[in-house]
Structures are given as C-alpha cells and as structure tokens.
Amino acid sequence: MSPLPELSEEEKKVFDLISKGDLSGLATHMTLHGIKPNILDDHGMTPLTHACFKGNKEISQFLIDQGADVNSDKHEHGYTALHFAALSGNSDLCQILLAADAKPYKTTSVGRTPSQMGGFVGNHQCVAVINNFIPKSDVDYFTVSHADGVAPTLPASFASAFHRLVMQVNIYPIRIALCTLPTLAEDYTKVKNTLVKMSAKQMRGDECNEVMSFKLHYLGFVVGEIMKCNLPESKTSPVELFTKRILKPNSGEKYLDSMIRECIREFPHKETTIFRQMVTSLAGTDDPPSAVSVVTTVINGARGFADEVKACATCWEETASKKCSKCKKVQYCDRECQRLHWFVHKKECERNGDETAAK
Ligand SMILES: [Zn+2]
Ligand SMILES: [Zn+2]
C-alpha cells in the first residue's frame, strides 16, 4: 500500500527512541548504524517531524544539527516539522525550527499553515512566535549595498535593535515606542523607511507573508506617529509625548483607535485576506472591538490581550511584575513604565490608598 521504501529494523528503532524521548540512546544508535536523518516512516514522517510531534526540543535540535530537513513535506497530509511543533504547544521548539529556516508559509493538504494549526488548538504562544519571526539576515540585507544598485537604508549599528523591534510580540504602540530607545530614536526616518521597504518585500516572491507585511507596515506607521511628536519647542522627548497622548484619560483611547484605523486604511495591499478581515471586524455596528485588539488578533493569532489585570498598566507587557508600592493595585515592567503612567495613576493611587486606610 505504501509507496515509501521499507525501513530496516535499525531505522525503525530511531522512531521508537524518539517516542521514548531518549536523546543519548538515539545519538548512539544513529552513529552506530550510520542512519541518515531524513528517513521516512510509513506516514512519510521524518525523525524530526516525530520529535516535533512529541514537542521535544532537545531531540529536534540534535536532529537539525545532524542535517535533518526542517522543511520536509513528505508527510501523507503535508504536515511539516513546524506544523507539529505548533500543535505540540512548545514555542521554544517553534523558535528553534524557524531559526533553522523552517518556512512558516508551508500548508498542509487542506491548506493550513503552522500558525493556523497552532491557533486551532489554542497554542497562542506558538502562533505569536511563528507570526513574529524574521531571520536576522532579512534585517542585515538593508544595512549593505546591493549589486542591483539598492543602497542601504539602515545603519549597521541599528541592526540588532531593529531586529528586536520587528520580532516584538507585544505590539501595543507604547511598547513599540519604548522599544525604539535608545538606538533607533537616533534616526526615526531611516527606521521608518526601512520598515516600509521591508513590508513591501514581504509581499514579493513565493515566500509572500501578508501577516508580516502588515506588521511591518504597522510598525512603520507607529514610528511615523512618534515622529509627529517631535516638537522642536518642547523639552519632552517624542516617545514620552507619544506615550502620554495614548495614556491620557478619555482622549487617549480615541487617539489610539483613530491612529490604528488610519494605519489599516493605509495598508497598500487591499487584496489580502487580512485586510478584508480587519475591515470586516471594525465595521461591526453594535459594539465593535477596539482597533488595537483587531490588529493584535491579526498579528498574534486569535487572542487580543490576555489578562489585563497582570499586564503593565503602561505598555501592556504581560510579564509586568513590579506593583505600585503605595496602592499595590497596578503593575509595571519597571520604573520607567511607572514614571510614564504616574500622571494618570496619581489620583487613582490616592483613592486606592484611602480605601485601604478605611478598612
Ligand atoms: Zn511596561
Ligand atoms: Zn498606586
């Protein structure tokens, strides 16, 4: 029935050892019998796809080091290693595969990408890691001249900070603004121009990635908004001014919402699925979602911001662990986030303090 070559007993044992999670046994066995890393079982699965099915990142890393094909698509239903990793829920494993050049746009026989599979079973961290991954080489491309006369748009000294910016999972505009400090703030024009070019590049060729193209467009748009906050007569930095505009009670929310709606309108690729998806979500008449939650859902999978209670009150980073020492009712990433929020929190904090005292 199977068109695949029959495996020897030694080769079959490779899959047993992976199922048992026995890395040292596997390493010894493969060396001893000279087994190649890309053998296929009856279902067209390689040792690496098996390891990913198990969500085992150590064994997966070992197999990649042995030369395993991260993009093997011989599986009977077209699942790649990244599809299995996304299903396993191990986001570190997804990161390892992506760093080894796994292609996030490969689809199964029914047209599903790894990120869609992850989202389908609720593995949101995997979805976020996949959707936000960009190889460092994609950034480095913009720091050098090219044979076709394309001049560099990004100073080489910006490359690492820029790479961190484009891989940023928390895309709340205040977090993006803080992420530009200190390096990228030296020249926002170059940062914005590079983001625009990079966004366009994502839509070309067979590696076309509309989600990433939109994310880069969005980041470029936010950088443009920060640039508008560069008031020569003001002593306040553009990042601080931008942050306060968003945090300002009442007007801040409206500013944020109209800013992001404009950003969506200006996305040049109106033919994409995600463009239509965002427009439809925002067009809902009764109680439409906030624009920031719509773009977050598109970029990071169907989630929005998980738990607002535990997130930083300023930048919505989810790992905020420092509480306001006075009222202990809000949390921040660090002193800088707390300082930026104080003009809003001050009154609230006093009220919270009174409540605590009255008890
Ligand atoms: Zn924060
Ligand atoms: Zn407080």
Side-chain angles (χ1 to χ4, degrees), residues 91 124-125 128-129 131-132 160-186 188 191 215 218-219 221-227 229 236-257 259-260 263 290-297 299-301 303-359:
S91 59
H124 300 299
Q125 195 54 35
V129 164
N131 289 359
N132 290 287
S160 297
F162 189 91
H163 191 223
R164 277 196 298 279
L165 175 73
V166 295
M167 300 251 287
Q168 185 65 37
V169 170
N170 174 0
I171 51 143
Y172 193 63
I174 294 178
R175 179 38 53 194
I176 294 166
L178 291 170
C179 202
T180 64
L181 298 175
T183 312
L184 305 180
E186 286 167 24
Y188 280 130
V191 173
K215 182 187 180 183
Y218 169 85
L219 293 175
F221 191 90
V222 171
V223 169
E225 286 295 305
I226 301 168
M227 286 163 78
C229 295
T236 318
S237 78
V239 166
E240 182 147 355
L241 221 61
F242 176 71
T243 299
K244 291 195 164 161
R245 242 177 225 186
I246 295 175
L247 290 175
K248 203 163 188 196
N250 305 319
S251 69
E253 223 168 288
K254 277 188 208 118
Y255 165 65
L256 180 66
D257 212 64
M259 172 176 95
I260 296 178
C263 164
S290 70
V292 73
S293 76
V294 168
V295 295
T296 306
T297 302
I299 295 169
N300 287 337
R303 178 165 66 152
F305 288 94
D307 190 349
E308 280 185 49
V309 187
K310 283 187 201 138
C312 172
T314 305
C315 76
W316 292 23
E317 191 72 15
E318 283 178 27
T319 50
S321 55
K322 311 235 177 347
K323 283 187 176 165
C324 167
S325 61
K326 242 175 123 187
C327 72
K328 302 195 171 21
K329 292 218 168 138
V330 284
Q331 304 187 67
Y332 301 102
C333 303
D334 49 29
R335 278 185 175 280
E336 180 60 4
C337 280
Q338 179 168 26
R339 186 186 69 78
L340 289 166
H341 196 242
W342 185 240
F343 81 104
V344 182
H345 181 62
K346 195 169 180 274
K347 275 191 193 135
E348 205 177 57
C349 191
E350 279 162 7
R351 247 195 335 266
N352 290 342
D354 292 346
E355 262 173 44
T356 319
K359 274 176 193 165

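Because the structure is a prediction, the values reported are computed rather than measured. Counting starts at 1 for both ligands and their atoms, following the listed order. FYI, the numbering just counts along the sequence from 1. What's counted below: heavy atoms across the whole structure, side chains too, no hydrogens, waters or symmetry copies.
Around the Zn ion (ligand 2), the protein atoms of type N, O or S found under 2.8 Å away are Cys324 SG, Cys327 SG, His345 NE2, Cys349 SG, listed by chain and number.
Remark: the backbone N or O of Val169 is paired with a side-chain donor or acceptor of Asn300 at under 3.5 angstrom. Side-chain atoms of Lys328 come within 3.5 Å of backbone N or O of Ser325 as a donor-acceptor pair.
Taking all atoms of both residues into account, the shortest heavy-atom contact from Tyr172 to Asn170 is N-OD1, 3.0 Å.
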Test side-chain hydrogen bond (donor to acceptor under 3.5 Å, both in side chains) applied to Thr180 and Tyr188, step by step:
CA-CA 9 Å; Thr180 64; Tyr188 280 130; 2.7 Å; yes

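Between Tyr332 and the options Gln338, Arg339, Lys322, His341, a side-chain hydrogen bond (donor to acceptor under 3.5 Å, both in side chains) holds for only His341.
Look at Glu318 and Arg175 and you find no salt bridge, because none of the NZ, NE, NH1 or NH2 atoms lies under 4.0 Å from a carboxylate O.
One finds an angle of 110° at the Zn ion (ligand 1) between SG on Cys312 and SG on Cys333, to the nearest 10 degrees. Centred on the Zn ion (ligand 1), the angle running from Cys315 (SG) to Cys337 (SG) is recorded as 120°, rounding to 10°.
Atom CD1 of residue Ile174 and atom CZ of residue Arg245 lie 12.5 Å apart, to the nearest 0.5 angstrom.
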